[in-house]
There are 2 protein chains.
Amino acid sequence: METLPSGPATINDVAARAGVGVGTVSRVLNGRTNVRPVTRAKVLDAIEALKYRPSSIARNLSLRRTHVIGVVVPFFTSHSAVERVRGVASVLGRSPYDLMLFDIEAEDRREHAFRLFDRGDRSDGLLLLSLVPPDDEVERLRAARLPCVLVDAPHPGFPSIVIDDVRGGELATKHLIELGHRLIAFVGDKPPDPFRFASSRDRTLGYERALSQAGIEARPEFVREGTQSHQVARGIAIDLLRLPQRPTAVFAASDAQALGVLEAARILGIRVPQELSVVGFDDVEVAALVGLTTVRQPLFESGRRGAELLLQLVAGGADQVVEPVVEQLPVEVVIRSTTAAPG
Amino acid sequence: METLPSGPATINDVAARAGVGVGTVSRVLNGRTNVRPVTRAKVLDAIEALKYRPSSIARNLSLRRTHVIGVVVPFFTSHSAVERVRGVASVLGRSPYDLMLFDIEAEDRREHAFRLFDRGDRSDGLLLLSLVPPDDEVERLRAARLPCVLVDAPHPGFPSIVIDDVRGGELATKHLIELGHRLIAFVGDKPPDPFRFASSRDRTLGYERALSQAGIEARPEFVREGTQSHQVARGIAIDLLRLPQRPTAVFAASDAQALGVLEAARILGIRVPQELSVVGFDDVEVAALVGLTTVRQPLFESGRRGAELLLQLVAGGADQVVEPVVEQLPVEVVIRSTTAAPG
DNA sequence: ACAACGGATGGAGCCGGTTCCACAGAGACG
DNA sequence: CGTCTCTGTGGAACCGGCTCCATCCGTTGT
C-alpha cells in the first residue's frame with residue numbers, strides 16, 4: 001500500500017500518512033509543545049516510515065535565513081589565512097551554522113563574490129579576512145542588513161578584530177636595536193596592494209618609528225617591497241644582501257617573507273644569526289620549526305573571535321544597532337634562533 | 001511615484017514596474033532569446049532602477065539545485081588537508097559553484113554533517129577528503145542521488161582519486177635500503193583509526209614488502225603507531241631511538257610524523273642524516289623548508305582532480321550511470337638532506 | 001479576406017517548507 | 001445550561017523564483 005516514492009518525501013506526504021495537517025507536522029519538527037503526545041507519535045511514525053528529512057532549502061526560503069556563514073579570504077594560499085579559517089571553523093563547528101568559503105584570488109573574481117551577497121541571502125553573515133571592502137560594497141552590505149565582521153582589516157563601517165601593526169613593527173625593530181643592530185632593513189608588501197592590505201604599511205611605520213626613537217637614520221635603500229610570496233622576498237633579499245654596505249638585520253613584514261630572506265642568506269652563504277639576524281611577523285607554525293624569531297599575532301584566535309562576534313550579531317537580528325567596535329588582540333616578540341647581536 | 005522599498009525588490013516588483021509579466025522577467029534574467037529587444041530593455045531598466053538581484057534561495061528551491069559543492073574534511077588542522085582543499089578551491093573558483101566546508105573533527109559532529117546531506121539538497125555534490133564514509137551513509141548518499149567523489153580514500157560505491165600507498169611505502173623503504181640501511185623503523189597511525197584512514201596501513205605494507213624483498217628480517221619492535229600529531233610521533237621516536245639496538249633510519253607515514261622524529265633526534269642529540277636517516281610522506285610545504293626527504297604525493301592535484309571529476313558528474317545530471325572509477329595519481333621519492341648512508 | 005502558423009507574452013501553479021488565522025471541542029464558571 | 005476560555009489542529013497564504021500552457025498578435029499562404 002506504499003505510494004511509490006517519486007523523489008524524497010515532503011512534509012505533505014508525512015501529513016497525509018499521519019492523517020494530520022502540515023501545520024501539525026511542522027510543529028512536531030520544530031519541537032513546539034502544543035501538540036498532543038498521541039498526535040506527535042503518529043507524526044514521528046510517519047517520518048520514520050517515509051525516511052523523511054525536511055528540505056533545508058525550502059526552510060531557508062520560508063524562514064529567510066540560511067544557517068550559513070560566508071568567509072571571504074584573499075589568498076587562501078597563505079598560512080596565516082588558513083590559520084584564521086581554522087579559528088573560524090572551530091567556532092562554527094559547534095554552532096548550527098555551516099561555513100561557505102570564498103577564496104578570492106583575482107580582482108575580478110573578488111568582485112563577483114561580493115556581488116553574490118548583494119541580496120544577502122546566501123549567508124546569514126559575512127566574515128572578511130585580511131581584506132578591506134571597497135566603500136560601495138560596504139554600502140551594499142549595510143543596505144542588505146547583512147551582519148559583517150572584519151578580521152585583520154579595519155573599516156569604520158563594521159566591527160573588526162585587528163592587531164596593532166605599528167606596535168608589532170616597532171617591537172620587532174626594537175628587539176633588533178636592543179641586540180645592537182644599526183643596519184636594519186625592511187622587506188614588506190608593495191603599497192598599492194590590490195587587496196588593500198594596510199598591515200604591511202603599518203608595520204613599516206612601526207619600523208621607522210623604532211629607528212627614529214633610537215636615533216638611527218632611516219636608509220631608503222634598506223626598505224624594499226614585494227609581495228607575500230617567499231620567492232619574491234628571496235629575490236629582494238638577495239639584492240639587499242649584495243649592497244656595498246649590507247644590513248646586519250632584516251625585519252620582514254610576514255613569516256613567508258622572512259623565510260625568503262633566510263633562503264637568500266643560505267644561497268649567499270651568509271650565516272644566520274651570526275652574520276645576519278632575521279625577524280618575521282605572524283608566527284605561523286613553520287616559524288617554530290625553523291626557529292624563526294618573529295612577532296606573534298594570534299591568528300587562530302582572531303578567526304575564533306571574529307566568528308564569535310559575528311554569531312552574536314547574527315543572533316541579534318537585523319534591527320539591532322551595531323557599533324563598529326574595534327577589538328585589538330595582543331602582539332609579542334617570540335625570540336628564537338634567527339636573531340643575535342651583530343657579529 | 002516610487003513604492004517604498006519594504007525589503008529587497010522581487011521579481012514581481014520588477015515585472016510590475018516594467019509593465020510585463022513575471023515570466024518575461026524570468027526569461028530576460030536567464031538570457032532566453034525569445035524576448036523582443038524593446039521588452040528586454042524595459043525589463044533591464046526596471047532591474048536597474050530597483051537594484052533588483054534575484055534571490056538565490058528561491059532559485060535553489062525552484063530549480064532544485066544549489067550551486068554549492070560540499071567538501072567534507074576530517075582534521076582541517078593538517079597541512080595535507082589544507083593543500084587538498086586549495087586544489088578544490090582552485091577549480092571551484094572558476095566555476096559557478098561555491099564551496100561549503102565541513103570540518104569534521106569529532107565523531108559525533110561527523111555523523112551530524114553526514115546527516116545534513118541525507119536529503120542531498122544543501123549541495124549539488126560532495127567531495128570527501130581522506131575519509132571513508134560508513135556503508136550506511138554511502139547508501140543514503142546514493143539514494144539521494146547526490147554525486148560524490150572520494151579523495152585519498154577508496155570505496156567501491158564512489159569514484160575516487162587515490163595514490164598507491166603500498167608503492168609509496170615501498171619506494172621510501174627501498175630508498176633507505178639502497179643507501180645501505182638495514183635497521184629501518186616505521187612510525188605510522190594506529191590501525192583502529194576513528195576516521196578509517198587506510199593510508200597508513202598500506203604504507204606499512206609497502207615498508208614490509210620492501211624489507212622482505214631485500215631479505216631483511218622485519219623487527220616488530222621497529223614498527224610503532226601513534227597519531228598524525230607530530231608531538232605524539234616525537235614521543236614514539238624517542239622510545240624508538242632509546243632501544244638497545246636503535247634503528248639507523250626511520251620511515252614515517254606522514255611528514256607531520258617525520259617532523260616529530262626529527263625533533264626527537266634533536267632532543268637526543270642524534271645527528272641527521274649522519275646518525276639517523278628520516279623519510280616522510282606527503283611532501284607538504286614545510287618538507288622543502290626543513291630539507292626533509294619524503295615521498296611526494298600530489299596533494300593540490302588530488303583536490304583539483306577530485307573537484308573536476310565531481311563537477312563533471314554534477315553536470316551529467318542525476319540519471320547518468322556513474323562508474324566508480326579509481327584514479328591513481330603518481331608518487332615519487334624526493335631526496336633532500338635527511339637521508340644518507342648509515343654512518 | 002481569411003485560416004493557419006509561430007513567436008512573444010501573461011500568469012497560475014509549483015518547488016517545500018512556515019505561519020497565522022479560523023475553528024472544533026473540552027473544561028471552567030456564573 | 002449557556003457562554004467564555006484555552007488548547008489542539010487544519011489548511012490557506014506566503015517566501016521568490018521558474019515553467020508551462022493559454023492567449024495574443026503579426027505573417028504568410030491561398
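DNA chain C is contacted by no residue of residues 35-48 of chain A, taking any non-hydrogen atom closer than 4.0 Å.
Contact check for B:Leu313 versus B:Leu311: no side-chain heavy atoms found under the 4.5 Å cut-off.
No N or O donor and acceptor, one from the side chain of A:Ser55 and one from the base of C:dG16, sit under 3.5 Å apart.
Phosphate proximity of D:dC18 to B:Ser26: present, with a side-chain N or O under 4.0 Å from OP1 or OP2. At the phosphate of D:dG17, neither OP1 nor OP2 sits under 4.0 Å from any side-chain N or O atom of B:Asn60. Taking side-chain N and O atoms only, A:Arg53 has no distance below 4.0 Å to OP1 or OP2 of C:dG16. The phosphate of D:dT19 (OP1 or OP2) has a side-chain N or O of B:Arg32 nearer than 4.0 angstrom. Distances shorter than 4.0 Å separate none of the side-chain N or O atoms of A:Thr24 from OP1 or OP2 on D:dT9. Note on A:Arg59: a side-chain N or O is less than 4.0 Å away from OP1 or OP2 of C:dT18. Within the structure, every side-chain polar atom (N or O) of A:Arg27 is placed at least 4.0 Å from both OP1 and OP2 of C:dT18.
With C:dT18, D:dC18, D:dG17 as the candidates, the nucleotide lying closest to the side chain of B:Val22 is D:dC18.
Terminal axes of the helix from C:dA1-D:dT30 to C:dG30-D:dC1 (five pairs each, C1' rotation axis) are separated by 60°, to the nearest 10°.
Salt-bridge formation is detected for the pair B:Arg304/B:Glu301: a Lys NZ or Arg NE/NH1/NH2 atom is positioned less than 4.0 Å from an Asp or Glu carboxylate oxygen.
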